[in-house]
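First comes the structure, then the notes that go with it.
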Amino acid sequence: MNIPDELRYTSDHEWAKDENGKVRVGITDFAQDALGDVVFVQLPETGTLVEQGGPLGEVESTKSVSQIYAPVSGTIVEVNASLTDTPERLNEEPYEGGWLVVIEASDLSELDGLLDAAGYREATE
Amino acid sequence: MTASPGGRALSAPLAGRESEPTLFELSVPGRQASSFRTTSLPEWPAEDLVPGEWLPEAPVELPEVSERDLVAHFTRLSHRQYSVDLGAYPLGSCTMKYNPKLCDEAAGMAAFAGVHPAAPPALAQGWLELLVELEEMLCAVTGMSAATLQPAAGAAGELTGLLLMRAWHDAHHEARRRVIIPDAAHGTNPASVTISGYEVTTVGTTERGDVDLSELRSVLDTDVAGMMLTNPNTLGLFEENIIAVTDAVHEAGALMYYDGANLNAILGVVRPGDMGFDIVHLNLHKTFATPHGGGGPGAGPVAVRTELSPFLPGPRPSLLDDGSYGWTSPPRSIGRVHSWHGNALVLLRAWTYLRLHGPEGLRRVAEVAVLNANWLKEQLRASYDVPYDRPVMHECVVSASSLERDTGLRALDVAKRLLELGFHAPTIYFPHIVHEALMIEPTETESPQTVAALADALAEIAAEARTAGRADAARAAPRTTPVGRLDEARAARNLVATYDQRAGGGDGGGDGAHDSRG
């Protein structure tokens, strides 16, 4: 199971990456493996306000539809439009090309409350 | 286009393994499967009957086939299908029990089938009496006091139930916004909540497999309109704290909604009304053995407590003061939820089923369903993981987790391999809270010999996966069915829902339609 050290994690299997005050968000390798083949991704539009722990979007696989939750509060400033045509990127590269959105965080310290790689590894075992 | 010969049976398992042509491929211009042989009505051009703006600019391209070719086509397709008439269908949560033929026989009687829904009540007294009786029997089974027979299936029943919930709160001048559902709920629950304009609040499941009571209490407030629950739950377990759950919800001023999908387990033993539920939907196509959707139509009646009866959809079949039967509308009805009076011939089948079994027989249905599921679970213990390990009700949820860890074989592979061993697959990957879930519901209609054969087949698949040299058998399955393993991800990512014959078989759909071996 690939759990990069430099990322922060939620117990709902999202990852968050601090990029100079903006937070890139995706789902973990564990999550994509559990979901199976992803066939559809629904994401908010840029400019949408999200709350930490509140709904961010949905990922549909051949098994189920799963809600994605925002790891931090803030405004959506970027959305990965390539997932519309190639949702399989979520399976193939969950930490790179399969990212979901970038959030302009209203309070970066929210990141400190998330799990680190060791904590997330423990949560998935 | 050159038509395929409609009378050639190369796609029937008996005669060959070719893919079945579509109706468009069987089409020959000018052919038709119906003719008005005995009518004396004159023919009239469509242009004289329909305003020009409503007429299509070009003729609609429909397949043109003879009755003979049409019957051959659907007969061949039916021979390629798995059905409840063909064998065991242990699709968990769906209660795919065998449908007694007596019920079909009743539904085929011209005295019922030949009555137009607009017939005046005086000419449909038998029908009306039957519908009133069915309502009474469904209320007796659920512990409710009034019902609507209109909803077309389970999800339609859920929506109806939630609209009743809203009407009830409106009548009490309360604007509540949230409905609570457990994380193990059927997927239709959150969908129905959303469609009815409410917001979903999810509560978790304890390690024993029950609703987490303390979490439930923490989310209950005056914004909660109700809670949707099925009991037994989707893990096949009876909620041990059900009275505490319904009490807590009622104390918050909210209503309890019973999802009747799993009613088969408690039929004649305990009633949702006794547990504290206020609104109950029933899947007649599950518990009362009427045909399922696709083979349906279905029926999802909703039964309620007395306080909610003024809001029921109408008109309802009723015994009038003069001793005859007629139609009446509840005073504060939410209106119709189906055209005419619901799927009446399905309702007739359920009435027949209830009469066929009687109270004792219904209890026996539940007892044998529960016995079969528990016996099966114990047989599977040696080959699969048993999460939430305690006596189950009508179905059992086992997990292929260890099998996956040891052999790489997943629940999906197990399900596909089971097809080759002569059984329909169980439900897989549900409920979501169980990893690599296999949700198996043998139902009461399968004999001990059949349930034993199903257990043996599932054990054989696990043993095979752990045997060197045979481990890959399931990954290639199914190889013996008319259609092999389908690319489910591609089908969903490149959805082609229409057949466009002008494009020679549709956008990207053409190759799929002809590739019977997957």
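Here is the naming used below: chain letters follow the sequence lines, and residue numbers restart at 1 for every chain.
Atom CD of A:Glu122 sits in a sparse spot, with 12 or fewer heavy atoms from other residues, nucleotides or ligands closer than 6.0 Å. In this structure, B:Glu207 places its CD atom where only 12 or fewer heavy-atom neighbours from other residues, nucleotides or ligands lie under 6.0 Å away. Within a 6.0 Å sphere centred on CZ of B:Arg177, other residues, nucleotides and ligands contribute 12 heavy atoms or fewer. Applying the 6.0 Å contact sphere to CD of A:Glu45 captures no more than 12 heavy atoms from other residues, nucleotides or ligands. With a 6.0 Å radius and a threshold of 12 heavy atoms from other residues, nucleotides or ligands, A:Glu51 has its CD atom at or below the threshold.
Evaluation of the salt bridge (charged side-chain N to carboxylate O under 4.0 Å, His left out) rule for B:Lys286 yields no partner, not counting sequence neighbours. Qualifying side chain to side chain donor-acceptor pair (under 3.5 Å) partners for B:Asn189, counting only residues two or more places apart in sequence or in other chains: B:Glu158, B:Asp259.
Near-neighbour residues of residues 424-439 of chain B relative to chain A, defined by a heavy atom under 4.5 Å from a heavy atom of that chain, comprise B:Tyr429, B:His432, B:Glu436.
Between A:Asp37 and B:Arg410 there is no salt bridge, since none of the side-chain N atoms of the basic residue sits less than 4.0 Å from a carboxylate O of the acidic one.
Identified under the salt bridge (charged side-chain N to carboxylate O under 4.0 Å, His left out) test for residues 61-74 of chain A, with sequence neighbours left out: none.
Rounding to the nearest 0.5 Å gives a distance of 8.5 Å between OG1 of A:Thr62 and CZ of B:Arg493.
When every heavy atom of B:Ala489 is checked against every heavy atom of A:Val39, the shortest pair comes out as O-CG1, 3.6 Å.
Neither the backbone nor the side chain of A:Glu60 comes within less than 4.5 Å of any heavy atom of chain B.
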